[in-house]
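These notes concern the structure reproduced below.
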Number of protein chains: 2
Amino acid sequence: MSERTKIKDIARVAGVSTATVSRALSDSSLVTERTREKVREAATRLNYRLNVRARNLRIQKSMAVLLVVRNMSNPFYLEIFKGVEEVARAAGFVLLMGNTEDDHDREVEYFDMLRDGQADGMILMTGNMPADHEIVRDASGMTPIVVALEAIENSNLAHVQIDNCAAAKQAVHHLADLGHKRIAHICGPLPEILSRLRLEGYRKAMAEAGLDIPANYEPVGNYSIQSGCECARALFDDVNPPTALFVANDEMAFGAIGELRRRGLRVPEDVSVVGFDDLFISQSYSPPLTTISQPRVEIGRTAMTMLLDIINARLSSPVVTEMQTSLIVRESTGAADQR
Amino acid sequence: MSERTKIKDIARVAGVSTATVSRALSDSSLVTERTREKVREAATRLNYRLNVRARNLRIQKSMAVLLVVRNMSNPFYLEIFKGVEEVARAAGFVLLMGNTEDDHDREVEYFDMLRDGQADGMILMTGNMPADHEIVRDASGMTPIVVALEAIENSNLAHVQIDNCAAAKQAVHHLADLGHKRIAHICGPLPEILSRLRLEGYRKAMAEAGLDIPANYEPVGNYSIQSGCECARALFDDVNPPTALFVANDEMAFGAIGELRRRGLRVPEDVSVVGFDDLFISQSYSPPLTTISQPRVEIGRTAMTMLLDIINARLSSPVVTEMQTSLIVRESTGAADQR
DNA sequence: TTGTACGCGTTATCAG
DNA sequence: CTGATAACGCGTACAA
């Protein structure tokens, strides 16, 4: 490894100075076409490769962005990763993965990495921001962080998000339009803003449809398949079970449908189910799941594009971009039984 | 940013040299407890943070590992990511994501990153190795690459893998034991080694069970839901359709089951289906899918652990570790119809 | 347009 | 045990 050729070697071979080599290789306009050629030729002949570490130290950048999620094995993130990766690599950035497992210390660690220059920017998909953390700011006073699909209030950070409340309303209205009167909501973990917004959308839609919400119609899960199962159990063990379910994410919807099947209830004949997220698998679930779709790849692209804008100082104030969702009607919802 | 304190500042404040500061902070034994304390105190007082870039340039490491997959949005990788991340971060390494999309140029790019020292090691989950690429070797002559769940023949690289052939045999024997005679195999893309091994397992098991394989019983897919659907269509459009399916991965199994449902065929009453992979969703599919489970988190951990062993020169020759798979019998398989 | 010389922030080597 | 100083490899004022 110590025999890697460096610009010094090229300089010697090409008969110029290291400065000229550096300039020639980075297409500076301050060098003649002829010398540039000479340098280039020497570089390829010597099999030269730029030392990225040295350059990064010199230019004070890392050319890396940090993508931080709560739980790396959540399938929801997959297409977002892809969108981010696509834009990042096109811009010459590498992608550093961060996984917090909702652990505060780990969150701090990633903020530290950003502050320490191990990454030039961060896409944050945990709804948390270490409270007392010294906020990173670049030269133009912007913080190179984009919050995606979560909301950090009063943070003055750039966000890319969806209208959770409106999407939830749309889902519930779909069920009401099918004639359902007893519509329950399996809710996400409750202190969280996303869950709250979806719950709020559910309640608003129910009110608009003139429907009551019985006391037990809002069981709280934690977005896992297992918890969807448990919430459905509670709902259908009770008297006055619902005929339709709006579930705060697809995984809990899968759990709920599993529980229904075990009880001999058919979807959608006996119970209609709407999910939220449109996981890659939802379209080929049996039955194919009616759900709210978010343009995840596009969200990833947008977040990374915004981050690049901040990093390159093309943005002077934190932007909030709202992405469009859509209700995908498949086979897990049907008209209410007319009994 | 330029006002970040550096060891020089600490040195000045603590009244020692930069060398001593460096030693004190890295717990070198070459420094008195007293000076160490003095330095530490100055460091915290000045709010010192190590400049990782500078250190990495100096020590010629990047403390990063590259995790390269064919397709970042394949849900199969999720738990592997997690296992790798867990071990990597415990060892102080950051995780760099690579996505090749089966593009040769991109593969080369990641090999280049490794060679250029942008990463100290690589976990490779594409079955490919740029043919003419200069092979990276560290001081001890080892290549810091671990191939996970793929096989690169004649490469002399460390591998962590499963016995695809044996697992496939187990799946097919399960179906044969249930009394099925007409068992078809939906195969993965065929030049690939994994697909070949699973196909080989299928054929061996069929031979052992004394069963024939009709000409059209080995349709070839590409691991996508869509292709599972198409293969099932071909199989059941034909005369002499099978009563059981061994599918090379779960996604194609989902596609196949979807197609069966559209044709009014029930699983498992009319057709039994066995998948391969045990995706997170497979247990709560309807019906819950019988499939081959791989210990994915453990595979990730093992791969990363092996990589660390290579990087830290604790390994002197490429190791091949084989992980255990198991057949998980759920509700998508049942006894053959006795008609 | 080119060359000289320095700085980026550490760690390692060698004297003392 | 500590200090001065040389790398690590590149980019860029500044001078020519």
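Here is the naming used below: chain letters follow the sequence lines, and residue numbers restart at 1 for every chain.
Between the A:Arg53 side chain and the B:Gly117 main chain, a donor and an acceptor come within less than 3.5 Å of each other. Between the A:Ser28 side chain and the A:Leu30 main chain, a donor and an acceptor come within less than 3.5 Å of each other. Remark: side-chain polar atoms of A:Asp116 are not paired, donor with acceptor, to backbone N or O of A:Gln118 under 3.5 angstrom.
Among the heavy atoms of the strands lying under 4.0 Å from B:Arg49 are primed sugar atoms or P, OP1, OP2 only; no base atom is included. Counting non-hydrogen atoms under 4.0 angstrom, B:Thr35 reaches the backbone sugars and phosphates but no base. Contacts of A:Leu30 with the nucleic acid, taken as non-hydrogen atoms under 4.0 Å apart, include base atoms. Residue A:Arg23 is in base contact, counting any heavy-atom pair closer than 4.0 Å across all strands shown.
A sub-4.0 Å separation between OP1 or OP2 of C:dT10 and a side-chain N or O of B:Thr18 is absent. The side chain of A:Gln60 contributes an N or O atom lying less than 4.0 Å from OP1 or OP2 of C:dG9. Between A:Thr32 and C:dT1, a side-chain N or O to OP1/OP2 separation shorter than 4.0 Å is absent. Within the structure, every side-chain polar atom (N or O) of A:Tyr48 is placed at least 4.0 Å from both OP1 and OP2 of D:dG9. Distances shown here put a side-chain N or O of A:Arg55 below 4.0 Å from the OP1 or OP2 atom of D:dG11.
Of all nucleotides listed (D:dT5, C:dG3, D:dG11), D:dG11 comes nearest to the side chain of A:Ser22. Here the nucleotide nearest the side chain of A:Thr20, chosen from C:dG7, D:dT2, C:dG3, is C:dG3.
Note on the helix from C:dT1-D:dA16 to C:dG16-D:dC1: terminal axis deviation equals 40°, with five pairs used at each end and the result rounded to 10°.
For A:Ala54 and A:Gly15, each mapped to the nucleotide of DNA chain C holding its nearest heavy atom, the one lying further toward the 5' end belongs to A:Gly15.
Applying the side-chain contact (heavy atoms from CB on, under 4.5 Å) criterion to B:Ser73, with sequence neighbours excluded, gives A:Leu78, A:Glu79, A:Lys82, B:Asn71.
Of the N and O atoms on the side chains of A:Ser62 and A:Asn56, not one donor lies less than 3.5 Å from an acceptor on the other residue.
Ion pair B:Asp112/B:Arg115 flagged as a salt bridge, since at least one NZ, NE, NH1 or NH2 atom sits closer than 4.0 Å to an Asp/Glu carboxylate oxygen.
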- Item | salt bridge (charged side-chain N to carboxylate O under 4.0 Å, His left out) assessment of B:Arg301 paired with B:Glu298 | CA-CA 5 Å; B:Arg301 286 200 198 103; B:Glu298 199 51 49; 2.5 Å; yes
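Rounded to whole Å, the distance from CG on A:Leu50 to C1' on D:dC8 is 14 Å. Between the CG atom of B:Leu46 and the C1' atom of C:dG9 there is a distance of 15 Å, given to the nearest Å. We find that CD of A:Gln118 is positioned 14 Å from C1' of C:dG9, with the value rounded to whole Å. D:dC8 atom C1' lies 14 Å from atom CG of A:Asn56, rounded to whole Å. In this structure, B:Lys6 places its NZ atom 10 Å from P of C:dG7, rounding to the nearest Å. Across the protein-nucleic acid pair, A:Arg4 atom CZ and D:dC8 atom P stand 13 Å apart, rounded to whole Å. A straight line from CZ of B:Arg53 to C1' of D:dG9 spans 15 Å, rounded to a whole angstrom. Whole-Å rounding puts the A:Lys61 NZ to D:dC10 P distance at 19 Å.
The nearest pair of heavy atoms linking B:Ala91 to B:Leu308 is CB-CD1, 3.6 Å.
At a cut-off of 3.5 angstrom, counting only N and O atoms as typed in the model, there is a donor on one side and an acceptor on the other between the side-chain of B:Arg58 and the base of D:dA7.
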